[in-house]
There are 2 protein chains.
Amino acid sequence: MRLLADPARAAIVDLLAAGPACTCHLVDDLGLTQPNVSNHLRALRHAGVVKAEPYGRYTYYHLNADALEAAAAHLTDLAARARAAADRRREC
Amino acid sequence: MRLLADPARAAIVDLLAAGPACTCHLVDDLGLTQPNVSNHLRALRHAGVVKAEPYGRYTYYHLNADALEAAAAHLTDLAARARAAADRRREC
DNA sequence: CCGACGCATCACCGGAAACTGATATCACCA
DNA sequence: TGGTGATATCAGTTTCCGGTGATGCGTCGG
């Protein structure tokens, strides 16, 4: 989930949220070089955030909604714990 | 929300989820140097993730649950959009 | 009022990560 | 089957960011 920190990767995820797309789409829309986009996709792929689907000579990528929801659940858990312990102050 | 990418900051947020604490607590628990922790806290403070509360000669920090929930909401929104557009594939 | 303590800020350094260019691979088409 | 286009990978460079040391400020205790 620390992968969404990079603006380029955040933009990729945002584009893929609108529907599966191949690498050339992302390259066009983002204005980045092809190897650059491909590297970001590899990082996201290894983290399980996106899934690659070879389609003839193209490669379609689509988001893994489960991974995003898992990250979201972790944040809501943190928020809930923070609220519950809001006034349990540790003394020095 | 790209701030939680750093492991040190994630650890700080995790500790603060257990209840408000002053800088010295975080320094002790994390084993990091004091300026280092203070720098991370400044970043988190400017992003609105944590709130500082001067208390005599100490400074207590506590999480801003709203900010965490907002980030979580953004992720769930991405996941929902991904599911909705899962089969809306763009052609090359 | 002076020493000690908690905390913040600044300048600097080193390492990691993003971008680039070149290249390899595979699928399609003529 | 040779050429082209789409994609992945790799080595090199540059940029950015986290860690460290030194320092300043405010607060408490003697």
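Every chain is numbered from 1, with letters handed out A, B, ... down the list of sequences.
- The nearest pair of heavy atoms linking A:Arg45 to A:Tyr61 is NH2-OH, 3.5 Å.
- The two atoms that bring A:Cys22 and A:Tyr58 nearest to each other are CB-CB, 4.3 Å, heavy atoms only.
- In this structure, B:Met1 CE and A:Met1 CE are separated by 5.0 Å, a value rounded to the nearest 0.5 Å.
- Proximity of A:His25 to the phosphate of D:dA6: no side-chain N or O atom is located under 4.0 Å from OP1 or OP2.
- Rounded to an integer number of Å, the gap from A:His46 NE2 to D:dA8 P is 12 Å.
- Put simply, CG on B:Asp28 is 9 Å from P on C:dG6, counting in whole angstrom units.
- Remark: B:Leu41 CG to B:Ile12 CD1 distance equals 4.5 Å, nearest 0.5 Å.
- Interatomic distance, NE2 of B:His46 versus CG of B:Leu3, reported as 11.5 Å (0.5 Å rounding).
- Listed pair B:Arg42 / C:dC10 meets the phosphate criterion, a side-chain N or O lying under 4.0 Å from OP1 or OP2.
- You'll find that the side chain of A:Pro35 is closest to C:dT20, out of D:dG19, C:dC7, C:dT20.
- Two residues, B:Tyr61 and A:Asp6, neighbour DNA chain C, and the one matched to the more 5' nucleotide by heavy-atom proximity is B:Tyr61.
- Here B:Tyr55 does not reach the OP1 or OP2 of C:dC7: none of its side-chain N or O atoms lies under 4.0 Å away.
- Between B:Arg9 and B:Cys92, the residue anchored closer to the 5' end of DNA chain D is B:Cys92, taking for each the nucleotide with the nearest heavy atom.
- Checking C:dT20, D:dC17, D:dG19 against the side-chain heavy atoms of A:Asn39 singles out C:dT20 as nearest.
- With hydrogens and angles ignored, a donor-acceptor pair closer than 3.5 Å exists between the side chain of B:Gln34 and the base of C:dA8.
- Here A:Thr59 lies in heavy-atom contact (under 4.0 Å) with sugar-phosphate atoms only.
- Atom pair A:Arg57:CZ and D:dG3:C1' shows a separation of 11 Å (rounding to whole Å applied).
- Whole-Å rounding puts the B:Glu53 CD to C:dA8 C1' distance at 18 Å.
- Using a 4.0 Å cut-off, no side-chain N or O of A:His40 falls inside it from OP1 or OP2 of C:dA17.
- A sub-4.0 Å separation between OP1 or OP2 of D:dA8 and a side-chain N or O of A:Thr23 is present.
- Of the candidates C:dA8, C:dC7, D:dT7, C:dC7 carries the atom nearest the B:Cys22 side chain, counting heavy atoms from C-beta on.
- Neither OP1 nor OP2 of D:dA8 sits under 4.0 Å from any side-chain N or O of A:Tyr58.
- Computed from coordinates, the B:Arg2 CZ to D:dC16 P distance equals 11 Å when rounded to whole Å.
- When the C1' atom of D:dT9 is taken as reference, atom CZ of A:Arg45 falls 11 Å away, rounded to whole Å.
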